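Inspection log for the structure reproduced underneath, given as structure tokens.
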Number of protein chains: 2
Amino acid sequence: MTDFGEQAVAEQGGVQIGLTAVIVAVTDDEPRVLVVRRVDHALASTEEGVAREGDALSDDTLEALPYGPFYPGRHRTLDAGLRGWVEEQTQLDLGYVEQLYTFGDRGRDPREQELGARVLSIGYLALAQEAKPAGAGEALWQNWYRYFPWEDWRAGKPEILTQEIEPGLDEWATQADSPAEIRERFSRIDATFGSEEVRWNEDRVLERYELLYEAGIVTEAQRDRGQDMAFSVHSHPMVLDHRRILATAMGRLRGKLKYRPVVFELVPPTFTLFELQKAVEAISGNLLHKQNFRRLVEKSGLVEGTGKYESRTGGRPAETYRYVRDILAERLTAGPRLPVGKR
Amino acid sequence: MTDFGEQAVAEQGGVQIGLTAVIVAVTDDEPRVLVVRRVDHALASTEEGVAREGDALSDDTLEALPYGPFYPGRHRTLDAGLRGWVEEQTQLDLGYVEQLYTFGDRGRDPREQELGARVLSIGYLALAQEAKPAGAGEALWQNWYRYFPWEDWRAGKPEILTQEIEPGLDEWATQADSPAEIRERFSRIDATFGSEEVRWNEDRVLERYELLYEAGIVTEAQRDRGQDMAFSVHSHPMVLDHRRILATAMGRLRGKLKYRPVVFELVPPTFTLFELQKAVEAISGNLLHKQNFRRLVEKSGLVEGTGKYESRTGGRPAETYRYVRDILAERLTAGPRLPVGKR
DNA sequence: GCTCCTTATACTCATATTGAGCATATATTT
DNA sequence: AAATATATGCTCAATATGAGTATAAGGAGC
């Protein structure tokens, strides 16, 4: 195998490492993500492209995930690097932190040319307990369905799917070159967006985003390809590939919810079972059957009642619970699948 | 958020990106991983440490995963970079490729000092159809249980667990400072290695390795800390953090087996159901109930019989099947859990 | 040919898990 | 006190799972 030698060093040229964080919290029963919303001189080269996108967003809404460079001299580990600048800049105390993926496609960052270096970005998912207004005022918490309106099925199938996305995808599919290719495209649409036979799988956030990107009906695709906008789904784009990173985080978190007790990182220390359920629903984007959710959670042995009750909601008071951080019981949060269904 | 500016560039210093590949195949019912086994000048600084390890391995068995530098000028994407040098050097045609994790702890690579650069390594998992002798002769296929003998439960609970690991871990736990810390350590041991209440979870390969590392009873831990070897589990170490990367790959693959049809990447185009089963068993490290496995696979709709039979095994001939690459059926390989049990 | 051995495949059955809904309890509001 | 709202308890049918038993279909030895 090739080794690292003088030559390798010379050929590699400059590489910059950026750390991009998807910081998630749930407040008011909505999933929030920390977003930076300013025109950054470092992003200037993108500005034009974004501004061209027309009615989907106005000039001042350049939205990005918080990110910062990784300083190899300063940080012993990548995780430490991330925690470092996030806690420094947002005063947020990150609990759960997980590395997501390293993004390194050429051209993902237009600054590469100025810098004369390739910019890799290591994406992180972090869960925060509460969504406080977040220090500096530059950062703010946004409902993540702002960027992915088709992912929220809590109020039934989103209109944007039937009205915009499905027609758009169908058109894209039929524009393929060969009949075989057309069939192939329809298959992929069904597999990711569901159909009569295949039910919607909430974990496939990234696959859906990538299909929309490929079909060119998401604004970033048009920006990146320098196309004019024939049609684009009404949703908020983000700078660079940040919406892709967010999609990765959403899919990962939704998946993890099913086999690891990560919800507890998102709710306050004590909570009612219904509050817990609503946090799960916010993340997974669909409703759960209340009685079955309760059965599942109680059976898991991950929570214990506090003996105290809470009656802010009009009806019978609900007992509050706390998470029992039992390392032994941590194997499963919620069994094979969450109890989907109506309330 | 901090941006990339001149200053950032200056402070970042050099960063080298290495791509490390865990290339897996199943042959003769054993999981194999492609390993490089030579004394590399780039690894010279590690050589001493490894040689010191005594009876666990001899001088000439410096084992490493195949790795190569990432050339930002040459490769458009990280995946392309990996495929590039792997296919170039091993003549292997990689099918399934998945990014695993980016490893970046300071000190993970002793060459950092010579190079004056931080070396990050992006780990990849790749699945190959067959384990051919692999070109150059430098690389060879090794049974992955060579490095993780405690992970193979196909012939019952491995002796190394009862004879070496469990005593070693127990000793480590009791050496903790406070009673609380002792309890904590025992909890972690139970959670990762199982106990009466907690059954062995085959996915937790990395957690187990990291616990062994922390307990100092794995040779790399002693090498990295410069300790002398009081006691170490009889298993083969690897260069740098490659055994950790392999553990990550094993855990990821074992997990994926349960909800994605990845086994089919590891078996030939046609196979009997029992061959398929044995591939799953090789990866997951435990035996499955034959009749139930068959039921599960048939029900999944992922395979179809070819109408041809194969009788190499003495008994009644088995029908051969092929994988139906049905994008719609790809949701689940094997349902929530694989049918564990005796044959 | 028949018997024994071996593996493949079919079928059964008890138990656990899921999805869905009904019933009851305990608060607030009118 | 009645109406309304939510919490919690319980039932039940449909599946899924784990573990066998039974039968089929080949080869080897006699």
Side-chain angles (χ1 to χ4, degrees), chain A residues 29 153 199-200 202 257-259 270-281 284 286-321 331-343, chain B residues 29 153 199-200 202 257-259 270-281 284 286-321 331-343:
Chain A
D29 304 332
W153 286 57
R199 49 173 279 254
W200 177 270
E202 67 273 8
L257 223 46
K258 290 171 188 157
Y259 62 95
T270 68
F271 45 83
T272 69
L273 292 185
F274 193 47
E275 283 164 6
L276 188 69
Q277 178 180 343
K278 281 185 292 189
V280 173
E281 291 175 336
S284 70
N286 56 30
L287 297 184
L288 305 176
H289 184 283
K290 193 166 175 175
Q291 297 93 321
N292 291 349
F293 178 81
R294 156 180 292 274
R295 174 173 68 189
L296 198 66
V297 173
E298 284 176 331
K299 196 188 54 178
S300 77
L302 292 167
V303 299
E304 66 182 13
T306 61
K308 291 175 186 166
Y309 293 81
E310 187 172 84
S311 56
R312 49 176 84 151
T313 42
R316 171 175 170 178
E319 184 168 10
T320 58
Y321 288 76
R331 49 228 138 151
L332 289 183
T333 326
R337 39 190 108 115
L338 291 168
V340 184
K342 304 166 274 181
R343 284 206 195 124
Chain B
D29 304 332
W153 286 58
R199 50 172 279 254
W200 177 269
E202 66 273 8
L257 223 46
K258 291 171 187 157
Y259 62 97
T270 68
F271 45 83
T272 69
L273 292 186
F274 193 47
E275 284 164 6
L276 189 69
Q277 179 181 340
K278 281 185 293 190
V280 173
E281 292 175 335
S284 71
N286 55 29
L287 298 183
L288 305 176
H289 185 282
K290 193 168 178 174
Q291 297 92 321
N292 291 349
F293 179 81
R294 157 179 292 275
R295 175 175 65 189
L296 199 66
V297 172
E298 283 177 331
K299 195 188 54 177
S300 76
L302 292 167
V303 299
E304 66 184 11
T306 62
K308 292 175 184 165
Y309 293 81
E310 186 173 86
S311 56
R312 50 177 85 152
T313 41
R316 171 176 172 179
E319 183 166 11
T320 57
Y321 289 76
R331 50 228 137 149
L332 288 185
T333 326
R337 39 190 108 114
L338 291 168
V340 184
K342 304 166 275 183
R343 282 201 197 127

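Chain letters run A, B, ... following the sequence lines, proteins first, then strands; residues in each count from 1. Just so we're clear, the structure is a prediction, and the values are computed from it rather than from any experiment.
Atom P of nucleotide D/dG18 and atom CZ of B/Phe293 are separated by 14 Å, given to the nearest angstrom. One atom, CZ of A/Phe271, and another, P of D/dT6, lie 21 Å apart when rounded to the nearest Å. A straight line from OH of B/Tyr259 to C1' of D/dA16 spans 21 Å, rounded to a whole angstrom. Rounded to a whole Å, the NE2 atom of B/His289 is 18 Å from the P atom of D/dA16. Separating the CD atom of A/Glu310 from the P atom of D/dT8 is a distance of 11 Å, rounded to the nearest angstrom. Put simply, NZ on B/Lys308 is 20 Å from C1' on D/dA25, counting in whole angstrom units.
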When you compare the protein's N or O atoms with those of nucleotides 5-12 of chain C, which come within less than 3.5 Å of each other, and at what distance?
{"unit_1": "C/dT7", "atom_1": "O2", "unit_2": "B/Arg316", "atom_2": "N", "d": "3.1"}
{"unit_1": "C/dA8", "atom_1": "OP2", "unit_2": "B/Lys290", "atom_2": "NZ", "d": "2.0"}
{"unit_1": "C/dA8", "atom_1": "N3", "unit_2": "B/Arg316", "atom_2": "NH1", "d": "3.3"}
{"unit_1": "C/dT9", "atom_1": "OP1", "unit_2": "B/Glu319", "atom_2": "N", "d": "2.8"}
{"unit_1": "C/dT9", "atom_1": "OP2", "unit_2": "B/Arg294", "atom_2": "NH2", "d": "2.1"}
{"unit_1": "C/dT9", "atom_1": "O5'", "unit_2": "B/Arg294", "atom_2": "NH2", "d": "3.1"}
{"unit_1": "C/dA10", "atom_1": "N6", "unit_2": "B/Gln291", "atom_2": "NE2", "d": "3.4"}

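Among all heavy-atom pairs drawn from A/Leu288 and A/Glu281, the shortest one is N-OE2, 2.8 Å.
Annotation: side chain to side chain contact (heavy atoms under 4.5 Å, CB included) contacts of A/Lys299 (sequence neighbours excluded): A/Leu296. Partners of B/Thr270 under the side chain to side chain donor-acceptor pair (under 3.5 Å) rule, at least two apart in sequence or in another chain, do not exist in this structure. Qualifying side chain to side chain donor-acceptor pair (under 3.5 Å) partners for B/Thr320, counting only residues two or more places apart in sequence or in other chains: B/Thr306. With sequence neighbours excluded, the residues that form a side chain to side chain contact (heavy atoms under 4.5 Å, CB included) with B/Glu319 are B/Tyr309, B/Tyr321. Annotation: side chain to side chain donor-acceptor pair (under 3.5 Å) contacts of A/Arg316 (sequence neighbours excluded): none.
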